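Shown next, in structure tokens, is the structure this report addresses.
Note that the structure is predicted; figures quoted are calculated from it, not measured. Atoms considered below: every heavy atom in the structure, side chains included; atoms not considered: hydrogens, waters and symmetry mates.
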Amino acid sequence: TGVLLSVGEGAVVALLYFASFLVMACWLEPRDFGVAALAGVFVFFCNLVLGHVFTDALVQRPERDAVDRDTAHWATLGAALALMGGCWLLAPAIGRWMHEPLLEPVLQAVSLCLPVGALGSTPIAIARAEMQFSLVAKCSLAGRLAGAATGVGMALAGWGVWSLVGQQIAAAAVGSLSVFFALPWRPRLRFSRSSLHDLSAYGIHVSASYVIGGAGEQALNLLVGALFGTTTLGYFAVALRIMQLVRHLMSSAVYYVGLSAFARLKDDRVAVSRAFL
């Protein structure tokens with residue numbers, strides 16, 4: 001059921017993406033998509049770290065106590081603020097390096113998605129650990145709908161590349177806040193160093209594997225943008241994104257549901273083997 005819900009969410013997200021893209025492509029320039037893709041490279045890697053270091057450890061061991069959850073929340077939020085600060089400081093140099101002056105303000109604006117998304121990371125992990133995939137899917141779809149409506153509205157109003165920025169920020173804000181308020185859990189002001197070490201000991205390996213895996217794909221965007229400019233990158237990024245949507249439709253659902261399911265069965269090797277097969 002969890003896989004079907006996750007795949008269904010992915011299918012609706014794909015349809016929303018195509019629908020909003022068709023509208024926005026009529027009003028935006030290829031350069032706009034290229035600049036947004038370049039900014040997305042750096043935010044993409046930051047999100048890989050934030051999305052797996054602490055939260056996946058909560059899913060892997062659902063019996064973790066309230067202190068673990070609070071520690072994961074504040075650690076994720078603190079890391080998100082630090083990474084956003086890094087994006088703001090490095091944005092001018094990155095813009096000069098890529099010979100694209102518009103990249104600086106766009107990267108700084110898109111980096112706001114990092115702390116906004118971090119607010120919902122721990123609640124989403126708690127919901128996944130408790131196999132509440134219906135809740136996760138509904139909140140994610142709410143964010144995607146808000147993002148699509150914001151992006152299309154701004155594009156029709158003539159905001160150009162900022163419509164793509166607004167789309168991402170709106171999706172992150174609505175998706176995170178909806179799951180945050182949908183769950184009864186609320187973080188308390190407490191932090192445990194031992195809990196932080198325990199969580200990161202598991203999560204750092206997961207994040208490292210995703211960062212390494214994503215480096216190849218994102219390096220293509222950097223290479224195309226550096227060699228041929230943001231206009232060419234705009235066409236390339238759109239084509240790559242369409243391919244990724246189809247591929248991730250199943251793979252992401254299997255990952256999120258599989259981790260939650262295997263975590264519950266980890267003490268029964270026969271059950272884990274049967275679930276895997």
Side-chain angles (χ1 to χ4, degrees), residues 1-15 17 44-66 68-69 71-73 75-76 117-118 120-141 143-144 175-176 179 182-183 185 195-218 240-277:
T1 302
V3 171
L4 290 175
L5 285 170
S6 298
V7 171
E9 174 203 342
V12 175
V13 167
L15 290 174
Y17 173 80
F44 171 83
F45 282 111
C46 294
N47 273 322
L48 284 182
V49 175
L50 296 174
H52 298 284
V53 169
F54 305 111
T55 54
D56 275 4
L58 293 177
V59 179
Q60 188 259 345
R61 284 174 56 185
E63 67 276 6
R64 291 186 183 275
D65 58 26
D68 292 324
R69 295 178 174 182
T71 300
H73 175 78
T76 302
S121 294
T122 299
I124 289 175
I126 294 173
R128 286 171 53 201
E130 297 175 354
M131 306 291 282
Q132 297 184 40
F133 293 105
S134 176
L135 174 64
V136 174
K138 291 176 182 177
C139 294
S140 177
L141 286 176
R144 299 290 184 172
S176 293
V179 73
L183 286 178
W185 175 83
S195 177
L196 178 68
H197 179 270
D198 186 28
L199 292 168
S200 59
Y202 172 83
I204 194 68
H205 300 289
V206 180
S207 286
S209 67
Y210 268 80
V211 169
I212 293 171
E217 293 181 359
Q218 296 303 313
L240 187 65
R241 178 60 176 161
I242 292 172
M243 182 273 293
Q244 289 173 334
L245 274 174
V246 177
R247 187 185 65 188
H248 291 169
L249 193 61
M250 180 60 70
S251 62
S252 61
V254 171
Y255 169 75
Y256 285 118
V257 178
L259 177 59
S260 302
F262 296 154
R264 289 193 165 210
L265 303 173
K266 63 181 180 295
D267 296 324
D268 187 341
R269 288 182 175 271
V270 175
V272 170
S273 176
R274 186 183 303 116
F276 177 79
L277 292 175

Revision key, fill the gap. Smallest heavy-atom separation, Thr55 atom then Leu50 atom, equals OG1-O, 4.2 Å
Check your understanding: Mind checking whether Trp185 and His73 have parallel, tilted or perpendicular rings, split at 30° and 60°?
Key -> perpendicular
Point to revise | Heavy-atom closest contact (Arg69 atom, Ile126 atom, distance) | key: CD-CD1, 3.7 Å
Check your understanding: If only atom types and distance count, is the side chain of Ser273 paired as donor or acceptor with the main-chain N or O of Arg269 below 3.5 Å?
Key -> no
Review point. Are Ile124 and Arg128 side-chain neighbours, meaning at least one heavy-atom pair lies under 4.5 Å?
Key: yes
Check your understanding: Do Gln132 and Leu183 have side chains that get closer than 4.5 Å, going by heavy atoms?
Key -> yes
Revision key, fill the gap. Test side chain to side chain contact (heavy atoms under 4.5 Å, CB included), reference Phe54, set Leu196, Thr122, Asp68, output is Leu196
Point to revise | Closest contact, heavy atoms only, Ala129 versus Leu58 | key: CB-O, 4.1 Å
Check your understanding: Got a donor-acceptor contact below 3.5 angstrom from the Lys266 side chain to the Ala263 backbone?
Key -> yes
